[in-house]
Protein chains: 2
Amino acid sequence: MKIATWNVNSIRIRLQHVVDWLIQNPVDVLCMQEIKVVDENFPRSPFEELGYHLHLAGQKSYNGVAILSLKPLQDVSTGFSATLTEVAPEWNEQKRVITGVIDGIRIINLYVPNGAAVGSEKYEYKLRWLNVLREYLQILLASTPNICMCGDFNIALEAKDIHEKVNTENHIMASEPERQALRDILALGFSDAFRKFTTEGGHYSWWDYRAASFRRNLGWRIDHHYLTPNLYERAKSCTIDITPRKLTQPSDHAPVIVEF
Amino acid sequence: MKIATWNVNSIRIRLQHVVDWLIQNPVDVLCMQEIKVVDENFPRSPFEELGYHLHLAGQKSYNGVAILSLKPLQDVSTGFSATLTEVAPEWNEQKRVITGVIDGIRIINLYVPNGAAVGSEKYEYKLRWLNVLREYLQILLASTPNICMCGDFNIALEAKDIHEKVNTENHIMASEPERQALRDILALGFSDAFRKFTTEGGHYSWWDYRAASFRRNLGWRIDHHYLTPNLYERAKSCTIDITPRKLTQPSDHAPVIVEF
DNA sequence: GGATACACGG
DNA sequence: CCGTGTATCC
């Protein structure tokens with residue numbers, strides 16, 4: 001089974017890229033982030049024609065996540081509230097979470113807040129969001145211990161996940177509080193699928209549109225598959241496919257694929 | 001000598017269409033309207049490489065007129081104030097007028113206000129603008145009696161200049177006050193070059209982008225060459241070239257060409 | 001730098 | 001329907 005995660009930065013703009021990629025890479029599950037469209041306007045048919053079932057948590061303009069899967073998912077829910085019944089409903093307004101179960105594996109597709117700048121209001125929101133996520137995961141783990149949690153985490157955990165032309169100190173996506181919040185989540189029992197197979201740095205999943213970052217390979221590895229122990233053992237590969245990032249009008253992110 | 005008028009609806013968007021058209025139709029003079037760009041950002045070189053001299057009266061976002069000519073123009077001025085020294089300077093804010101002389105012929109390139117809806121503030125502005133234009137022309141006629149006044153007049157003078165799917169009564173571009181204001185201008189001694197050669201209706205220079213107007217030929221003839229008697233006598237042809245309107249991402253107007 | 005929405009002019 | 005700007009987000 002292959003599961004991919006890809007921040008597509010607008011599914012309507014990227015439709016052809018994503019369809020073409022799926023034809024070349026017929027993964028079992030595709031988790032998308034930043035679809036930037038309400039469910040009614042999601043371009044369903046091109047994906048349904050490829051045999052995918054669609055599970056959407058869309059929103060106008062911003063955010064929005066979707067899971068496409070060849071087999072339909074079971075036990076699908078969106079947002080934190082479906083699981084974390086005591087959480088404030090505001091945590092569901094931004095569409096950043098969708099989950100479902102396939103072959104006994106719970107897939108959790110996340111679009112972690114970007115956080116703007118360290119110390120900003122959005123940064124505080126990101127840290128609080130990660131804390132809510134941790135509580136959410138604790139509950140899910142109790143019922144479905146096999147979890148593939150993937151998506152755009154907007155956090156690079158190690159120096160080798162970031163190109164060297166940036167001052168990482170107190171940089172958004174690299175600050176210690178963000179990293180610690182993510183480590184606290186991983187401590188629930190998740191491991192980075194990519195690092196099972198690749199230890200060296202210089203592998204990235206996101207390159208800023210500005211300053212010709214991709215051409216100069218000034219990237220960040222911020223899109224991840226985090227696996228619970230059983231799945232981590234079973235993982236056979238985890239790769240980043242940078243080919244779609246080379247197309248015209250690309251997403252700023254590349255897809256990351258894990259295989260079991 | 002061939003003189004063309006074309007409302008290009010943004011020269012930056014239409015650059016390739018206009019360049020291609022000039023290569024196929026190497027007119028001596030091209031009068032453009034709605035260039036929608038300040039002079040500093042006008043794409044000069046593609047036209048200069050074709051041998052054209054550029055005379056610009058551009059503005060940000062809206063309006064803007066330009067004359068391109070193989071021979072440089074003499075006595076170029078923009079706006080009403082250069083000639084009508086007593087007019088309020090507000091009449092020069094919207095860039096709708098540019099003029100110059102070539103081979104003893106004064107070319108006046110106009111973008112007449114659209115007028116929005118009959119009775120609106122913009123409509124009153126259009127009528128007052130036409131009145132100022134008349135005073136302006138009176139002065140120019142005294143020094144240069146041979147005038148080719150062309151451009152987007154946003155007025156169709158006769159029923160046969162308008163398709164029949166529209167109720168012309170009190171319609172913008174066809175209302176009696178607009179037509180009378182234009183007739184008052186033509187009474188200074190101008191004649192419609194197009195009507196020297198073609199008397200039947202059904203020839204249009206503008207089709208609304210909406211409602212598939214071009215496909216259904218629901219057009220208006222609102223782009224004109226008005227000539228003083230000597231030039232009118234010398235006119236050999238006046239045609240509308242609808243081919244660029246068939247391209248993808250076309251201007252809503254077609255070029256009109258007069259030949260002496 | 002590239003995506004979104006919205007307002008305005010036509 | 002098709003341009004142009006502005007603002008917001010990343």
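Each chain gets a letter, A, B and so on, in the order its sequence line appears, and its residues count up from 1.
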Determine all donor-acceptor pairs shorter than 3.5 Å in which one atom belongs to a side chain in residues 162-171 of chain A; sequence neighbours excluded.
from	atom 1	to	atom 2	distance (Å)
A:H163	ND1	A:K165	N	3.0
A:N167	OD1	A:E169	N	3.3

*Grab the CG-P distance between B:D252 and C:dG10 for me, whole Å please.*
12 Å

*Sort and list the pairs that fulfil salt bridge (charged side-chain N to carboxylate O under 4.0 Å, His left out) and have at least one residue in residues 244-257 of chain B, not counting sequence neighbours.*
none

*Rounded to whole angstroms, how far apart are CG on A:N114 and C1' on C:dA3?*
14 Å

*Extract, from 5' to 3' on DNA chain D, the first and final nucleotides lying under 4.0 angstrom from some heavy atom of chain B.*
D:dC1 to D:dT6

_Any side-chain heavy-atom pair of B:H253 and B:I222 under 4.5 Å_ = yes

*Within this structure, what is the CD-to-P distance between B:E34 and C:dG9, rounded to whole angstrom?*
13 Å

*Closer to the 5' end of DNA chain C via nearest nucleotide, is it B:P113 or A:A212?*
A:A212

*asked:* Between P on C:dG10 and CG on B:D223, what's the gap in Å once rounded to a whole number?
replied: 15 Å

*To the nearest angstrom, how far is B:Q94 atom CD from C:dG10 atom P?*
8 Å

*Tell me, please, which residues at least two apart from A:D20 pass side chain to side chain contact (heavy atoms under 4.5 Å, CB included).*
A:Q16

*asked:* Checking A:F190 now: which residues fulfil ring-ring contact (aromatic ring centres under 6.0 Å, His included) with it, not counting sequence neighbours?
replied: none

*Looking for any heavy atom pair under 4.0 Å, which part of the strands does B:F214 touch: base, sugar-phosphate only, or nothing?*
nothing

*Rounded off to whole Å, could you give me the CG-to-P distance for the A:N63 and C:dA3 pair?*
17 Å

*With sequence neighbours excluded, tell me which residues meet side chain to side chain contact (heavy atoms under 4.5 Å, CB included) with A:E90.*
A:A88, A:E93

Output a table of nitrogen or oxygen pairs between the protein and nucleotides 4-8 of chain C separated by less than 3.5 Å.
from	atom 1	to	atom 2	distance (Å)
C:dT4	OP1	A:S10	OG	2.8
C:dC6	OP1	A:K60	NZ	3.1

*Map B:A116 and A:S251 onto DNA chain C by nearest heavy atom, then report which one ends up closer to the 5' terminus.*
A:S251

*At what distance, to the nearest 0.5 angstrom, does CD of A:Q180 lie from CG of A:L157?*
9.5 Å

*asked:* For residues 207-220 of chain B, which residue pairs pass the salt bridge (charged side-chain N to carboxylate O under 4.0 Å, His left out) check, not counting sequence neighbours?
replied: B:D208-B:R210

*For B:R96 and C:dG10, give me the distance from atom CZ to atom C1', rounded to whole Å.*
11 Å

*Mind checking what makes side chain to side chain contact (heavy atoms under 4.5 Å, CB included) contact with B:A4, not counting sequence neighbours?*
B:W21, B:V27, B:L30, B:I257

*Whole Å only: how far is the CD atom of B:E121 from the P atom of C:dG10?*
13 Å

